[in-house]
Amino acid sequence: MKPIYVTQPTLPPLEEFIPYLEKIWDNKILTNGGTFHQQLEQALCDYLGVKHLALFTNGTIALITALQALRITGEVITTPYSFVATAHSLLWNGIKPVFVDIDPVTLNLDPNKIEAAITPQTTAIMPVHCYGYPCDVARIQQIADNYNLKVIYDAAHAFGVKDKNGGLLNHGDLSVLSFHATKVFNTFEGGAIVCPDEKTKRRIDHLKNFGFVDEVTVVAAGINGKMSEINAAFGLLQLKGIEEALEKRKFIDARYRESFENVTGIHCADTGSHVANYAYFPIFVERNRDALYEKLKTNGIFGRRYFYPLISDFPMYRGLPSASPANLPVARKISNEVICLPMYSALEENEQNRIIKLIKEFA
Ligand SMILES: *Cc1c(COP(=O)(O)O)cnc(C)c1O
């Protein structure tokens with residue numbers, strides 16, 4: 001039987017990409033803010049309902065640059081329950097991560113625990129909309145306002161998610177997206193920073209191009225974070241199919257949920273009231289998570305334990321006082337129970353049935 005992985009990128013028919021390539025070959029502009037780059041920035045602003053957006057070569061460089069753009073230093077409060085790039089972006093800026101525990105329902109930074117972690121060195125909060133589930137953005141903003149902190153959302157999972165105020169990406173000072181091959185919307189590799197004003201967008205555009213403002217002026221030690229024309233062109237094509245892909249994910253999500261409703265020992269995450277993107281389908285296994293994980297693997301189903309281990313358990317973080325297990329009991333429990341099941345638009349019904357059957361047998 002063919003292996004089933006946790007995700008599979010949505011690829012449009014190859015022949016639909018050829019005209020884009022022909023254009024690139026014709027005008028010979030490969031990168032540095034070419035036509036496709038400009039078009040994709042505009043198209044994403046329209047689709048996501050945001051004012052400004054700067055494309056990047058990947059989400060990690062975008063996170064690193066977002067911190068630079070706001071001149072963040074000292075300590076930043078963040079979650080241990082995320083992909084390691086969240087905290088790595090802090091270390092790359094010489095910033096000390098301060099881990100705060102998560103809320104057991106939203107799986108995101110617990111707003112009730114943030115204040116206790118604030119010190120005179122704290123300059124920002126970097127929450128993650130884990131699995132595309134919205135953080136408590138109102139409470140986080142209130143705390144940030146009270147203590148004069150910036151908020152940079154790692155929104156790598158939150159493409160297209162909407163809350164009652166519209167696009168989730170409009171909250172905080174900046175939001176960072178990833179368009180990696182494994183994400184809901186992909187450009188092979190890619191990412192973006194969403195920002196509310198023109199001036200910040202300009203600074204970000206300088207920073208992603210070595211700090212160049214014009215031919216002879218460099219205003220900052222910028223990096224090369226530019227997205228190429230090939231990736232931007234692919235993004236434009238990918239965007240055409242996004243609604244259809246999301247519909248299929250929604251259907252798969254509903255089938256999983258329904259199937260596990262009365263299965264003891266297996267819990268699904270809360271659906272919430274937001275417009276979801278069905279990026280992931282985590283289940284929480286009360287007992288013997290790893291036995292189920294292995295059983296699925298033996299049967300050719302490669303779920304992933306996102307996020308296990310916790311970021312705070314990796315060697316470059318575990319010495320931090322905030323990484324101590326006593327500080328992060330909820331994140332630890334969730335991390336020991338989670339398996340993300342295969343979730344992608346091309347997942348077939350019989351494949352999903354096989355996954356569900358194996359899990360029910362196990363339970
Ligand atoms: C994927 C991801 C990133 C990194 O994005 P890349 O585009 O792979 O560099 C950062 N944070 C989270 C939460 C992610 O899932």
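Side chains are part of it too, since the values below use all heavy atoms of this structure and drop only hydrogens, waters and symmetry mates. Remember, predicted model here, so these are calculated numbers, not experimental data. We're numbering straight along the sequence, starting at 1.
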Can you find a pair of side-chain heavy atoms, one from Glu244 and one from Thr10, that are under 4.5 Å apart?
no
Ring centroid separation Phe159 to Tyr47 under 6.0 Å
yes
Applying side-chain contact (heavy atoms from CB on, under 4.5 Å), run through Tyr317 and Leu91 and close with a yes or a no.
CA-CA 10 Å; Tyr317 300 104; Leu91 288 198; 3.7 Å; yes
Take Asp173 and Leu70 through the test side-chain contact (heavy atoms from CB on, under 4.5 Å) and record every step on the way to the result.
CA-CA 9 Å; Asp173 293 277; Leu70 301 181; 3.8 Å; yes
Examine the side chains of Asp214 and Thr217 and answer whether a donor and an acceptor come within less than 3.5 Å of each other.
yes
Check Asp205 with Lys201, please: is the shortest side-chain N to carboxylate O separation under 4.0 Å?
yes
Gap between atom CD of Glu16 and atom CG of Leu237 - 0.5 Å precision
5.5 Å
Check: Arg305 and Arg289 side chains under 4.5 Å, non-hydrogen atoms:
yes
Going by atom types alone, do Glu189 and Asn231 pair a side-chain donor with an acceptor below 3.5 Å?
no
So, are Glu229 and Lys23 salt-bridged, with charged N and O less than 4.0 Å apart?
no
Do Lys248 and Tyr278 have side-chain heavy atoms sitting under 4.5 Å apart?
no
Gln142 and Asn146 side chains, donor-acceptor separation under 3.5 Å:
no
If you measure from CG on Asn58 to CG on Leu63, what distance do you get to the nearest 0.5 Å?
9.0 Å
Verify same cluster id: Ile72, Leu149 (apolar side-chain graph, 4.5 Å)
no
Can you find a heavy atom in the side chain of Leu109 that is under 4.5 Å from one in the side chain of Cys135?
no
So Phe260 and Tyr256, would you call those rings parallel, tilted or perpendicular, with 30° and 60° as cut-offs?
parallel
Could you walk me through whether Phe179 and Gln238 pass the side-chain contact (heavy atoms from CB on, under 4.5 Å) check?
CA-CA 11 Å; Phe179 307 147; Gln238 175 93 175; over 6 Å; no
May I ask you to test the His274-Leu168 pair for a side-chain heavy-atom distance under 4.5 Å?
no
Look at the side-chain heavy atoms of Ile, Leu, Val, Met, Phe, Trp and Tyr, link any pair under 4.5 Å apart, and say whether Val184 and Val161 land in one connected group.
no
Ring centers of His129, Tyr153 separated by less than 6.0 Å
yes
Asn336 side chain to Arg332 backbone, donor-acceptor under 3.5 Å
yes
Please report the interatomic distance CD1(Ile4) to CZ(Arg354), rounded to the nearest 0.5 Å.
4.5 Å
Please verify the inter-ring angle class for Phe36 with Tyr20; under 30° counts as parallel, over 60° as perpendicular, anything in between as tilted.
tilted
Could you grab the distance from atom OG1 of Thr31 to atom NE2 of His37, nearest 0.5 Å is fine?
7.0 Å
Under 4.5 Å between side-chain heavy atoms, counting indirect links through other Ile/Leu/Val/Met/Phe/Trp/Tyr residues: same cluster for Ile311 and Ile114 or not?
no
Salt bridge or not for Lys295 and Glu361, using N-O below 4.0 Å?
yes
Would a single hydrophobic cluster contain both Leu310 and Phe314, if residues Ile, Leu, Val, Met, Phe, Trp and Tyr are joined by side-chain heavy-atom contacts under 4.5 Å?
yes
State whether a side-chain donor-acceptor pair under 3.5 Å links Glu349 with Asn353.
no
Looking only at side-chain N and O atoms, does His52 offer a donor or acceptor that is under 3.5 Å from a partner on Glu198?
no
Parallel, tilted or perpendicular: which one describes the rings of Phe302 and Tyr5, with boundaries at 30° and 60°?
parallel
Are the side chains of Leu296 and Leu341 in touch, meaning some heavy atoms are under 4.5 Å apart?
yes
Taking only residues two or more places apart in sequence, or in another chain, which ones meet Asn288 in a side-chain contact (heavy atoms from CB on, under 4.5 Å)?
Ala291, Phe362
Hey, what's the ring geometry for Tyr131 with Phe307, parallel, tilted or perpendicular (30° and 60° as the breaks)?
parallel
Close aromatic pair by centroid cut-off 6.0 Å: Phe83 and Tyr306:
no
